[in-house]
Amino acid sequence: MRQTAGNNNKPVVGILMGSDSDFDIMKEAIEVLDEFALASEISVISAHRTPQDLEQYASSAIERGLHVIIAGAGGAAHLPGVTASMTVLPVIGVPIFSNKLNGQDSLYSIVQMPTGIPVATVGIDNARNAALLAVQILALSNEPLMNALLEFRKKLADASRKKTEKIREKLYAKS
Ligand code: RP5
């Protein structure tokens, strides 16, 4: 069951994407948030096609109880930046890979924000990292969440250490 930072079922993380074509990547963020039992709210809103809806979403985000917004977009990816311009909540941008310019268009559109309106930008298609960063932000004021995060990091380190063993096995199997 999904929970929130405040132990009710209200979403604390807003997940935005410019189009339903971004969903395959952005659903990875939802999966991570689910792993940490954090409720999220998913919406398709476009900075270009539905700018009025974005204004409404971003300007009401705090009163609706959101603490962090993750926004993924591709191409002329203005969604994270425009969202950040209309709320003081932390906004994490996910550049979505695009065939035309290999996602560099998305990355540069999101990362090069003017001073004063930051967007925390993760790697191209790295929605998992966006969600983990959101968890880290929320964990600062939530001890059980911080403990879950520390446990996650421990498992990650354990899995990484096993990789030495794996490649050595491969190497010695050959010789
Ligand atoms: C962006 O344009 C969206 O975020 C998406 O990555 C890209 C293509 O959108 P569709 O043409 O698939 O709707 O706004």
Side-chain angles (χ1 to χ4, degrees), residues 2-5 9-140 145 149 152 156:
R2 291 203 203 172
Q3 312 241 321
T4 66
N9 250 346
K10 265 174 76 182
V12 283
V13 182
I15 299 183
L16 279 181
M17 62 200 79
S19 175
D20 56 353
S21 58
D22 302 321
F23 179 68
D24 278 350
I25 294 300
M26 295 306 290
K27 73 172 187 310
E28 293 177 22
I30 303 168
E31 284 161 14
V32 171
L33 296 170
D34 278 352
E35 281 166 34
F36 286 91
L38 285 169
S40 56
E41 164 201 89
I42 188 160
S43 318
V44 175
I45 303 180
S46 165
H48 307 117
R49 292 168 178 155
T50 54
Q52 292 84 359
D53 297 4
L54 182 58
E55 205 276 329
Q56 172 61 29
Y57 179 96
S59 59
S60 64
I62 291 177
E63 71 203 42
R64 288 186 295 108
L66 296 183
H67 292 198
V68 187
I69 295 173
I70 298 173
H78 298 133
L79 180 65
V82 176
T83 304
S85 76
M86 295 188 293
T87 179
V88 291
L89 289 178
V91 175
I92 304 169
V94 183
I96 303 289
F97 178 87
S98 65
N99 283 323
K100 308 275 186 219
L101 294 166
N102 293 329
Q104 290 186 48
D105 43 355
S106 322
L107 175 64
Y108 293 158
S109 302
I110 295 176
V111 79
Q112 288 295 350
M113 286 296 291
T115 302
I117 310 291
V119 168
T121 310
V122 296
I124 296 169
D125 281 353
N126 206 333
R128 283 190 68 81
N129 263 3
L132 286 168
L133 186 54
V135 174
Q136 287 178 221
I137 292 168
L138 295 168
L140 290 171
L145 193 57
L149 198 50
F152 166 82
L156 196 67

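Whatever order the structure lists them in is the order used to number ligands and atoms, beginning at 1.
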Measure the spacing between [atom1] of [X] and [atom2] of [Y] and express it to the nearest 0.5 Å.
X: Ile124; Y: Ser106; atom1: CD1; atom2: OG; value: 7.0 Å
X: Arg128; Y: Leu132; atom1: CZ; atom2: CG; value: 6.5 Å
X: Thr83; Y: Ile92; atom1: OG1; atom2: CD1; value: 12.5 Å
X: Thr121; Y: Leu133; atom1: OG1; atom2: CG; value: 10.0 Å

Minimum-distance pair of heavy atoms, taken over all atoms of Met26 and Leu16: CE-O, 3.8 Å
Side-chain donor-acceptor contact under 3.5 Å, Tyr57 with Glu41: yes
Within the protein, flag every N or O under 3.5 Å from an N or O of ligand 1, and note the pair and distance.
from	atom 1	to	atom 2	distance (Å)
ligand 1	4 (O)	Asp22	OD2	2.6
ligand 1	4 (O)	Gly74	N	3.1
ligand 1	6 (O)	Asp22	OD1	2.6
ligand 1	6 (O)	Gly74	N	3.1
ligand 1	11 (O)	Arg49	NH2	3.3
ligand 1	12 (O)	Ser21	OG	2.6
ligand 1	13 (O)	Ser19	OG	2.6
ligand 1	13 (O)	Arg49	NH1	2.8

